[in-house]
Peer 1: 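Quick one: the structure is below, and I'll ask about it shortly.
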Amino acid sequence: MADHSPEDNRLALKVVFYGPALSGKTTNLMQLHSLLNPQRMGELMVLETRDDRTLFFDMLPIGLKGNSGLDLRLKLYTVPGQVQHDSTRKAVLSRADGVVFVADSQTSQQDNNATAFGNLEENLEKVGLDIDTLAMAVQFNKRDLPGVVAESELQRRWAGTPWAPLQMASALHGKGVIDTFRVLLDRLYTRVDSEFALNSEHGIDRDTFVRQLSAASEAHSA
Amino acid sequence: MLNFEDDPTLSDLLTPDQLQRLNNSLSALCRAPVEVGPDRTAPSVALEFNLETVGWLSGGSSDEERLAAADLVSFLMMFIAKYRLAANLHHDTTEASYAELQRQNDALRASEARYRDLSDQLQHRVDEQVAVIKQAQMDLYESARLRSVGQLAAGVAHEINNPIGFIASNLKVAGEYVSELREQLPETTGNRELLADFADLIGESSDGARRIARIVSDLKTFSSIDQADYTQCDINELLSSAVHLLQTDYGHDLEIVEKLGELPKLSGHPSRLSQTFYNLLENAAQALKSREQDGGHENWAGRILVKTRVDGDGIELVIQDNGNGIAENLHERIFDAFFTTRPVGAGTGLGLTVARDTVRAHKGTIQIDSREGTGTRVTIFLPIG
């Protein structure tokens with residue numbers, strides 16, 4: 001849940017990168033860290049890993065000041081994808097405002113995607129969140145690998161869901177990462193604006209919200 | 001409750017001792033003493049962590065020194081915070097997992113208790129069913145046995161009924177002939193004795209014939225030979241006539257106390273009910289007689305109490321005697337057909353069987369309470385309508 005403290009004029013939002021093991025959630029976050037140049041950005045905290053696998057979570061805070069002086073924070077988290085870390089996933093997922101589901105495009109990984117998505121639904125329910133009202137973007141990563149499911153096929157499969165169209169990405173090469181993030185921000189804005197009147201009270205319109213939080217740094221803006 | 005993701009304050013990250021040591025180290029590095037604290041004291045530099053100002057750094061000899069020191073502190077802070085976050089998350093997830101395990105454990109326990117209950121109930125029900133089946137088998141066996149006995153009895157009764165009829169009537173005529181002979185024969189001692197003996201013989205034979213007729217009648221009732229229609233019966237009336245009949249048979253020396261309440265009419269089979277009442281009364285009279293023969297009761301006077309009253313939706317009828325009672329070990333068998341304690345020829349062993357069957361046919365109940373040497377009480381309940 002968005003953490004709003006009116007006395008400090010502060011609003012903290014939480015976005016969680018979810019998905020099967022090795023789908024590239026941490027890579028997404030690392031790319032955002034190096035590609036983005038938002039108003040404010042904290043350190044990327046990569047908590048313990050073993051063999052490059054996330055054990056706890058990664059976290060990247062970014063921020064934005066509104067005209068009213070609103071101090072808006074966005075904390076981006078990743079969860080460990082491996083099955084055995086379910087209680088950690090649940091703890092990180094609790095009170096989330098938005099979710100980026102990072103799926104693996106490889107044909108062999110489709111079952112894992114489905115399992116992870118089912119796990120997301122289940123855990124959202126357990127922490128008291130509703131998948132239908134939560135802001136969510138779905139990314140199919142690793143488009144650069146051979147043996148991936150065709151985009152048209154994926155788009156067709158997901159066409160009937162609230163998360164269409166899907167975002168295609170190759171996070172390792174920095175492609176599609178910011179686009180996915182922007183789609184998420186756009187959907188997140190809809191939820192947050194209706195609850196906290198970002199536009200009318202704090203002068204943060206949709207465009208400002210998305211643009212400022214996802215501004216690409218000069219060096220990588222190509 | 002604190003969440004693992006709540007932004008930490010300076011005191012969350014560093015203990016006072018650690019903060020003191022940090023200040024000492026920084027002061028040693030800089031040209032002027034440096035102090036890190038939660039409050040802003042100019043001139044100072046904000047210590048940022050995750051976009052959050054966690055404290056302020058003051059002192060030092062220049063802005064450059066303060067900035068460099070603040071940067072160093074932020075750098076250190078990140079590792080401390082990382083450890084804190086991981087530790088807090090670990091703590092949160094461990095607690096959540098433990099709570100989840102405990103919930104599952106409770107659920108398992110509850111479910112186990114439920115199944116144990118169910119299993120107990122099941123065992124109980126199986127036992128009940130087994131008992132029901134056993135009872136049904138016994139009833140079936142009993143009724144088959146009784147049916148064959150009943151058929152036999154009905155056949156015998158039918159065959160005996162006619163001859164005993166003409167024997168009784170012939171004996172009556174023979175008695176009259178004896179009277180006529182007495183008038184016609186000369187008055188001699190020999191003749192007188194002969195005729196007296198003759199009259200006794202005929203009288204005893206008549207008694208015997210009557211007894212046979214009674215047994216035949218019992219057998220007929222028992223085997224339900226004559227199934228007359230049900231009519232509205234006055235239980236008191238039926239009971240009274242049975243009492244009178246009994247008193248006649250016992251020469252009016254029985255003390256029978258009647259306490260008959262006002263009763264509604266009851267749909268029933270009058271002759272079978274009469275037979276039942278008579279059987280019960282006769283049992284009571286026999287019990288009194290047995291006790292009298294046992295002797296040694298100076299202050300005892302035999303008495304039969306007959307009582308009727310309305311009880312709820314039925315009629316309760318009590319026949320009670322202070323006779324010799326029924327021995328405990330015989331209680332189970334008193335309703336059995338052909339079970340009797342009387343000498344051979346004195347009873348058919350059908351009295352109570354007939355009574356029970358009749359009461360059952362009227363959807364009623366019969367209960368016998370008895371104590372040897374004290375008396376017997378028979379309680380019959382007959383539902384109205």
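Chain letters run A, B, ... following the sequence lines, proteins first and then strands; every chain starts at 1.
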Peer 1: With a 4.5 angstrom heavy-atom cut-off, could you sort out which part of A/Ile62 is near chain B: side chain, backbone, both or neither?
Peer 2: backbone
Peer 1: Please check if the number of heavy atoms outside B/Arg21 that lie under 6.0 Å from its CZ is greater than 12.
Peer 2: no
Peer 1: Which residues in residues 79-89 of chain A have any heavy atom lying under 4.5 Å from a heavy atom of chain B?
Peer 2: A/Ser87, A/Thr88
Peer 1: Which heavy atom of B/Lys82 sits nearest to which heavy atom of A/Val46, and what is that distance?
Peer 2: NZ-O, 3.2 Å
Peer 1: In this structure, are over 12 heavy atoms from other groups packed under 6.0 Å from A/Arg206 atom CZ?
Peer 2: yes
Peer 1: Salt bridge between A/Arg10 and B/Glu52, side-chain N to carboxylate O under 4.0 Å?
Peer 2: yes
Peer 1: Any side-chain heavy-atom pair from B/Leu89 and A/Phe57 closer than 4.5 angstrom?
Peer 2: yes
Peer 1: Report, as yes or no, whether the 6.0 Å neighbourhood of atom CE on A/Met41 holds more than 12 heavy atoms from other residues, nucleotides or ligands.
Peer 2: yes
Peer 1: For A/Arg40 and B/Leu51, which heavy atoms make the closest approach, and how far apart are they?
Peer 2: NH2-O, 3.0 Å
Peer 1: According to salt bridge (charged side-chain N to carboxylate O under 4.0 Å, His left out), does anything in residues 111-123 of chain A pair up with another residue at least two apart or in another chain? List the pairs.
Peer 2: A/Glu122-A/Lys126
Peer 1: Does atom CD (A/Glu125) have a neighbourhood of more than 12 heavy atoms from anything else shown, all under 6.0 Å?
Peer 2: no
Peer 1: Please list, in residue-number order, every residue in residues 121-134 of chain B that has a heavy atom less than 4.5 Å from any heavy atom of chain A; write 'none' if there are none.
Peer 2: none
Peer 1: Which pairs count as ring pair (Phe, Tyr, Trp, His ring centres under 6.0 Å) when at least one residue sits in residues 78-112 of chain B, sequence neighbours excluded?
Peer 2: B/Phe75-B/Phe79
